[in-house]
S.K.: 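I am attaching a structure below and will ask some questions about it afterwards.
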Amino acid sequence: MNIGEVSTHTGLPVKTIRYYEDINLIKPLRDNNGYRRFRDQDIHKLNFLGRARTLGFTIEDCRTLLALYEDETRASSDVKRVARDHLAQIDAKIADLRGMRETLSHLIDACAGDDRPDCPILKDLGGKL
């Protein structure tokens, strides 16, 4: 398959596939004329990476997970550790977002939203509360 067909098959943009190749996450074969020749294992890796990225794993996490996936002697505890670390990051982000939401909700409630120029939202953003 060529890169366009792979893009259609995996749902990944051509730029993403090229990027994954540039950072050595995948290594498709090259013909004598330089064209990429993707094998089934390349497609499988790209689907794996696409799913991992959909779950929010970083590129480095993906690199680690892919190495673990390909290592038949891996311990599932190593995979679980990567997933738990990622979940902890998600939980921290959710906590941050809740704090942002609460603050913004409070500011919206405090704003009259009428024709007066006084606005608690702008005061907060400007550090004048």
Side-chain angles (χ1 to χ4, degrees):
M1 271 191 232
N2 67 34
I3 197 165
E5 293 168 328
V6 170
S7 175
T8 299
H9 187 71
T10 62
L12 295 173
V14 169
K15 277 185 160 183
T16 300
I17 296 168
R18 286 185 183 132
Y19 174 67
Y20 289 166
E21 183 182 6
D22 288 345
I23 63 172
N24 295 315
L25 281 176
I26 60 166
K27 281 192 166 195
L29 297 174
R30 292 281 184 157
D31 290 337
N32 290 336
N33 60 7
Y35 289 111
R36 293 168 185 85
R37 189 166 36 107
F38 291 90
R39 300 158 289 175
D40 287 342
Q41 65 195 44
D42 298 316
I43 305 300
H44 187 74
K45 281 183 184 181
L46 287 167
N47 284 326
F48 181 98
L49 293 167
R51 178 67 177 145
R53 294 294 285 156
T54 298
L55 291 173
F57 284 101
T58 66
I59 292 295
E60 285 311 308
D61 286 341
C62 288
R63 190 179 307 282
T64 300
L65 289 168
L66 194 54
L68 288 166
Y69 182 74
E70 293 173 334
D71 179 3
E72 294 180 7
T73 65
R74 71 183 170 266
S76 66
S77 60
D78 293 335
V79 181
K80 190 172 184 175
R81 178 187 44 77
V82 174
R84 274 196 173 148
D85 290 349
H86 181 57
L87 184 59
Q89 292 170 356
I90 291 171
D91 288 340
K93 185 64 174 177
I94 289 170
D96 289 345
L97 289 170
R98 280 191 182 122
M100 286 183 228
R101 187 184 191 295
E102 288 173 15
T103 300
L104 189 54
S105 179
H106 170 74
L107 291 170
I108 289 169
D109 289 345
C111 182
D114 55 20
D115 293 334
R116 292 178 288 163
D118 183 52
C119 180
I121 299 168
L122 294 176
K123 285 181 182 176
D124 179 82
L125 294 174
K128 297 178 184 177
L129 264 183

S.K.: Report the distance from atom CD1 of Ile59 to atom CG of Leu25, rounding to the nearest 0.5 Å.
M.R.: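 One gets 6.0 Å once the value is rounded to the nearest 0.5 Å.
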S.K.: Would you call Glu60-Arg63 a salt bridge at under 4.0 Å N-O?
M.R.: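 Between Arg63 and Glu60 there is a salt bridge, with a charged N closer than 4.0 Å to a carboxylate O.
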S.K.: With sequence neighbours left out, write down each residue that passes side chain to side chain donor-acceptor pair (under 3.5 Å) with Asp114, or none if nothing qualifies.
M.R.: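 Partners of Asp114 under the side chain to side chain donor-acceptor pair (under 3.5 Å) test: Arg116.
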S.K.: In terms of hydrophobic clustering (I, L, V, M, F, W, Y; side-chain heavy atoms under 4.5 Å; direct or indirect links), are Val82 and Ile90 co-clustered?
M.R.: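 Hydrophobic grouping puts Val82 apart from Ile90.
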S.K.: Just verifying a value: how many Å separate Asp115 CG and Asp118 CG, rounded to the nearest 0.5 Å?
M.R.: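 So the CG of Asp115 and the CG of Asp118 are separated by 13.0 Å.
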S.K.: Please collect all side-chain hydrogen bond (donor to acceptor under 3.5 Å, both in side chains) contacts where either partner lies in residues 93-103, sequence neighbours excluded, each pair once.
M.R.: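 As it turns out, there is no side-chain hydrogen bond (donor to acceptor under 3.5 Å, both in side chains) pair with a partner in residues 93-103 once direct neighbours are skipped.
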S.K.: Is it the case that one hydrophobic cluster holds both Val79 and Leu87, taking links as side-chain heavy atoms less than 4.5 Å apart, direct or via other members?
M.R.: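 Different hydrophobic clusters.
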S.K.: Yes or no on side chain to side chain contact (heavy atoms under 4.5 Å, CB included) for Ile26 and Leu49, after CA distance, side-chain angles and deciding distance?
M.R.: CA-CA 10 Å; Ile26 60 166; Leu49 293 167; 4.1 Å; yes
S.K.: What are the two closest non-hydrogen atoms of Phe38 and Asn2, and how far apart are they?
M.R.: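 Minimum heavy-atom separation between Phe38 and Asn2: CD1-C, 4.0 Å.
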S.K.: With sequence neighbours left out, which residue pairs that include part of residues 37-53 fulfil the side-chain hydrogen bond (donor to acceptor under 3.5 Å, both in side chains) condition?
M.R.: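 For residues 37-53, and leaving out neighbouring residues, the side-chain hydrogen bond (donor to acceptor under 3.5 Å, both in side chains) pairs sorted by first residue read Asp31-Arg37, Arg39-Asp42, His44-Tyr69, Lys45-Glu70.
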S.K.: So, taking the atom named CD1 in Ile17 and the one named CD1 in Ile43, what distance separates them when rounded to the nearest 0.5 Å?
M.R.: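 The CD1 atom of Ile43 is 7.5 Å from CD1 of Ile17, to the nearest 0.5 Å.
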S.K.: Please name the pair of heavy atoms, one in Thr58 and one in Asp61, separated by the smallest distance, quoted to 0.1 Å.
M.R.: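 Result for this residue pair: OG1-N, 2.9 Å.
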S.K.: Check whether Arg74 reaches the backbone of Leu68 with its side chain - one donor and one acceptor, N or O, closer than 3.5 Å.
M.R.: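 Looks like yes, one N/O pair under 3.5 Å.
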S.K.: Mind checking what makes side chain to side chain donor-acceptor pair (under 3.5 Å) contact with Asp91, not counting sequence neighbours?
M.R.: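 Applying side chain to side chain donor-acceptor pair (under 3.5 Å) to Asp91 gives none.
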S.K.: Suppose the criterion is ring pair (Phe, Tyr, Trp, His ring centres under 6.0 Å): which pairs have a residue in residues 4-37, not counting sequence neighbours?
M.R.: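 As it turns out, there is no ring pair (Phe, Tyr, Trp, His ring centres under 6.0 Å) pair with a partner in residues 4-37 once direct neighbours are skipped.
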S.K.: Would you give the length of the straight line joining atom OG1 of Thr64 to atom CG of Asp85, rounded to the nearest 0.5 angstrom?
M.R.: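 Rounded to the nearest 0.5 Å, the OG1-CG separation comes to 10.0 Å.
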S.K.: First locate atom CG of Asp22, then atom NZ of Lys15, and finally report the distance between them rounded to the nearest 0.5 Å.
M.R.: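 If I round to the nearest 0.5 Å, the distance is 12.0 Å.
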S.K.: Answer yes or no: is there a side-chain heavy-atom contact under 4.5 Å between Arg30 and Arg36?
M.R.: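 With C-beta onward as the side chain, the pair touches.
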S.K.: Drop me the distance from Leu104's CG to Asp109's CG, to the nearest 0.5 angstrom.
M.R.: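 Between atom CG of Leu104 and atom CG of Asp109 there are 9.5 Å.
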S.K.: Ring pair (Phe, Tyr, Trp, His ring centres under 6.0 Å): which pairs involve residues 81-107, sequence neighbours left out?
M.R.: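 Checked against ring pair (Phe, Tyr, Trp, His ring centres under 6.0 Å) - neighbours excluded - the pairs reaching residues 81-107 are Phe57-His86.
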S.K.: Kindly check if the number of other-residue, nucleotide or ligand heavy atoms within 6.0 Å of CG (Asn32) is above 12?
M.R.: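 No, because the 6.0 Å sphere around CG of Asn32 holds 12 heavy atoms or fewer from other groups.
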S.K.: Might you point out which heavy atoms bring Cys111 and Pro120 nearest each other, and give the distance in Å?
M.R.: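 Nearest pair, atom of Cys111 first, then Pro120: CA-CD, 3.7 Å.
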